[in-house]
Amino acid sequence: MSLIEVQTSEIVKKQIGYKWKSYTGVFTSLVVIQLLGLLFSLNGSGSMGSGRTGYDVNITYYTADIVVGFTIFWGFLTAFLLTTKAYREDDFAFVTNRKTSTLSTIAFLFVLCVIGAVTALLSSFTLKLFAYFILPGEEMLLTQGVGNGSAWLLGMVATILIIFLFSSLGYLAGMIVQLNKMLVIILPVVVIGLMILLYRGGFPVQVYFFEFFFEESNAWLFTLKTLSATTIFYALAVLVSNRLEVKQ
Amino acid sequence: MKAIKCKDLNKRYYRMNALNDLSFSIEENKIVGVIGRNGAGKTTMLKIIAGLLKEKSGIVEVYGRKPFNNLFVSANTIYIDDAMNFPTALTLKEILEEGKRFYHHWDHDLALSLFDYFGFDSRQHHNELSKGKESTFNMIVGLASRSPLTIFDEPTTGMDAAVRKDFYRALLKDYLAHPRTILLSTHHLEEMEDLLEEVLVIHEGSLRLHMSMDDLKEYGLGLTGKRDVVDSFLIEKEILWKKEQAFDTCYVVVKNDFTDHEYRRMQEAGIQISPVKANDLCIYLTEPQHGKGSVDDVFDRSTDV
């Protein structure tokens with residue numbers, strides 16, 4: 001048999017296709033979590049009311065905020081799950097090395113994040129339909145949430161980037177936990193404990209984190225911030241994974 | 001070019017020395033059997049060659065490259081064991097399709113014919129298979145991949161005798177049509193004698209013996225006779241195994257380097273000379289060195305008390 005030279009890019013492409021077919025479970029969990037998000041959203045994500053003699057105004061906002069929040073959480077969990085031994089060993093059933101395995105997983109996660117973001121944002125229309133047809137109300141004011149298409153597109157990109165950012169966090173956390181099972185307990189204790197300690201010391205990390213990413217009004221700067229943070233987290237995960245043996 | 005080259009290979013595995021200064025090399029396009037007791041380090045060695053584990057020290061090369069985490073070695077090697085991890089979402093047919101996408105030499109017709117022959121259902125999933133069926137399916141993947149280096153780690157686990165026989169025949173036929181390097185670890189040497197070209201005997205993490213199957217069959221000689229008579233012929237001979245029997249007789253397995261003259265003298269002295277089966281020889285060669293005796297002694301001791 002003649003020996004075959006393969007390109008990294010060729011194997012990465014094949015691995016992405018392979019993961020797309022084999023990791024169908026992640027899509028099921030996406031559907032479930034978004035339906036759950038929809039259910040919670042039926043209560044409305046914000047409301048205000050005022051009344052005078054003779055009339056009564058009550059405004060309830062139906063937005064996909066909760067669904068998006070749930071999808072972010074799903075992104076984190078899915079990435080975490082893909083670092084577990086069972087999933088990593090699936091890669092090694094066929095041709096791969098660690099580089100192609102990690103690259104294809106990250107690319108696959110990006111595709112997942114795009115799908116998650118698009119469905120999450122589209123679910124706002126489902127929600128409005130539900131609210132219109134099913135929920136009781138005197139008058140429905142079907143206004144568009146955002147003014148124009150470009151703003152909607154911007155929101156879409158931002159959602160994708162945020163879910164992708166959280167997936168990188170999940171991936172890093174998962175890889176760290178893979179080093180030693182004890183870290184399942186130690187890691188969250190250390191992270192949350194540090195957060196509490198720093199908060200008491202007058203340095204609320206989580207607040208800074210949210211300010212840094214979510215209160216950025218410049219779209220380009222936001223993209224730059226999230227993408228670089230994502231890159232850093234994935235790079236750290238790759239460093240950690242280099243300490244793992246492939247298959248035991 | 002050598003297919004596999006190992007030099008002074010060491011590996012620690014869960015606080016145990018799995019491999020101790022293991023050195024050997026294997027030519028291309030040979031079927032090599034890897035023989036050894038449980039825990040001798042066969043699986044560790046095969047996994048290092050397949051690039052799944054990292055060696056602690058020493059040199060290991062597969063087609064001239066270090067195998068660990070190497071895409072070239074991965075593309076040209078397939079490692080089949082009884083713990084293959086295939087995605088549970090895929091059906092058996094889909095797993096074969098994936099194999100076709102990944103391995104350049106993959107023979108899909110062969111895969112499908114074997115799949116039908118062994119009576120698999122295309123809608124079945126890998127985790128639903130019985131032990132023997134699972135091994136059979138893994139074997140199909142291993143054969144169809146036609147990888148230049150094909151490694152089977154105890155491929156016959158759970159297979160019944162008929163399937164094992166089919167497997168040996170399929171392996172031999174496919175090997176003859178498409179020669180490639182095949183490494184097989186097995187505990188059924190007596191069944192594979194006609195299949196293997198070379199044998200690697202691994203004992204406690206190091207190489208005990210590496211020779212062709214034909215040489216191995218003639219490597220040992222069994223001598224039965226009166227103890228003192230037999231002993232007189234054993235001077236400067238390598239004794240591989242010795243068992244005391246009743247009436248002052250003993251059975252000794254020695255390395256077969258007797259001259260014709262010595263043969264004749266032994267026959268005249270009334271010693272029975274018998275060939276030693278390769279399988280038995282491997283058992284003698286891998287006898288633990290620390291003098292625990294046989295399992296009989298465990299029970300004898302308890303009756304003494």
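What you see below is based on every heavy atom in this structure, not just the backbone, and it leaves out hydrogens, waters and symmetry mates. On a predicted model such as this, the values are computed, not experimentally measured, just so you know. Proteins get letters first, then strands, A, B, ... in listed order; numbering begins at 1 in each.
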Applying a strict 4.5 Å limit to non-hydrogen atoms, the region of B:Ile80 in contact with chain A is neither
Applying a strict 4.5 Å limit to non-hydrogen atoms, the region of A:Ser101 in contact with chain B is neither
(message) When you compare the side chain of A:Asn97 with that of B:Ser74, does any pair of heavy atoms fall below 4.5 Å?
(response) no
- [ ] Using the side chain to side chain contact (heavy atoms under 4.5 Å, CB included) rule, take B:Tyr103 and A:Val95 through it: C-alpha gap first, then chi angles, then the decisive distance, then the call.
- [x] CA-CA 7 Å; B:Tyr103 290 101; A:Val95 178; 3.6 Å; yes
Of all heavy-atom pairs linking A:Glu89 and B:Asn85, the shortest is OE1-ND2, 2.9 Å
| message | Does B:Tyr168, at its OH atom, have more than 12 non-hydrogen atoms belonging to other residues, nucleotides or ligands within less than 6.0 Å? | response | yes
Between A:Ser22 and B:Pro87, the two heavy atoms sitting closest are CB-CB, 3.3 Å
> Below 4.0 angstrom, N of the basic side chain to O of the carboxylate: do B:Glu98 and A:Lys21 qualify?
Replying inline: yes
Okay, B:Asn70 and chain A: the region with an atom under 4.5 Å from a heavy atom over there is backbone
The reported gap from CD in A:Glu10 to CZ in B:Phe102 (rounded to nearest 0.5 angstrom) is 9.5 Å
In terms of heavy-atom pairs under 4.5 Å with chain B, the winner among A:Thr100, A:Thr24, A:Ile4, A:Val6 is A:Ile4
Tell me whether the count of non-hydrogen atoms from other residues, nucleotides or ligands lying under 6.0 Å of CZ in B:Arg12 goes above 12. yes
### Query
With a cut-off of 6.0 Å (strictly less than), are more than 12 heavy atoms of other residues, nucleotides or ligands near NZ of B:Lys7?
no
inquiry  = Please evaluate residues A:Phe92 and B:Tyr79 with respect to the criterion ring-ring contact (aromatic ring centres under 6.0 Å, His included), reporting the C-alpha separation (whole Å), side-chain torsions for both, the decisive distance (0.1 Å), and the verdict.
reply    = CA-CA 10 Å; A:Phe92 285 87; B:Tyr79 174 84; over 10 Å; no
Here the gap from B:Trp106 atom CH2 to A:Phe94 atom CZ, rounded to the nearest 0.5 Å, amounts to 6.5 Å
Side chains of A:Tyr18 and B:Glu97, heavy atoms from C-beta outward: is any pair under 4.5 Å? no
Bottom line for B:Leu71: the part with an atom under 4.5 Å from chain A's heavy atoms is both
On a heavy-atom basis, the closest approach of A:Lys14 and B:Arg101 is NZ-O, 2.8 Å
- Message: Does A:Lys99 have more than 12 heavy atoms from other residues, nucleotides or ligands lying within 6.0 Å of its NZ?
- Response: no
*asked:* For the CD atom on A:Gln7, are there more than 12 heavy atoms of other groups (residues, nucleotides or ligands in this structure) within a distance under 6.0 Å?
replied: no
Next on the checklist: Surrounding OH of B:Tyr117 (heavy atoms of other residues, nucleotides or ligands, distance under 6.0 Å), is the total greater than 12?
Outcome noted: no
Review point. Does the distance from a Lys or Arg side-chain N to an Asp or Glu carboxylate O, for B:Arg65 and A:Glu5, drop under 4.0 Å?
Key: yes
After noting the C-alpha distance and the side-chain angles of B:His104 and A:Ser2, does the key distance pass the side chain to side chain contact (heavy atoms under 4.5 Å, CB included) rule? CA-CA 10 Å; B:His104 286 251; A:Ser2 56; over 6 Å; no
Do side-chain atoms of B:Asn76 reach the backbone of A:Leu3 as a donor and acceptor pair under 3.5 angstrom?
no
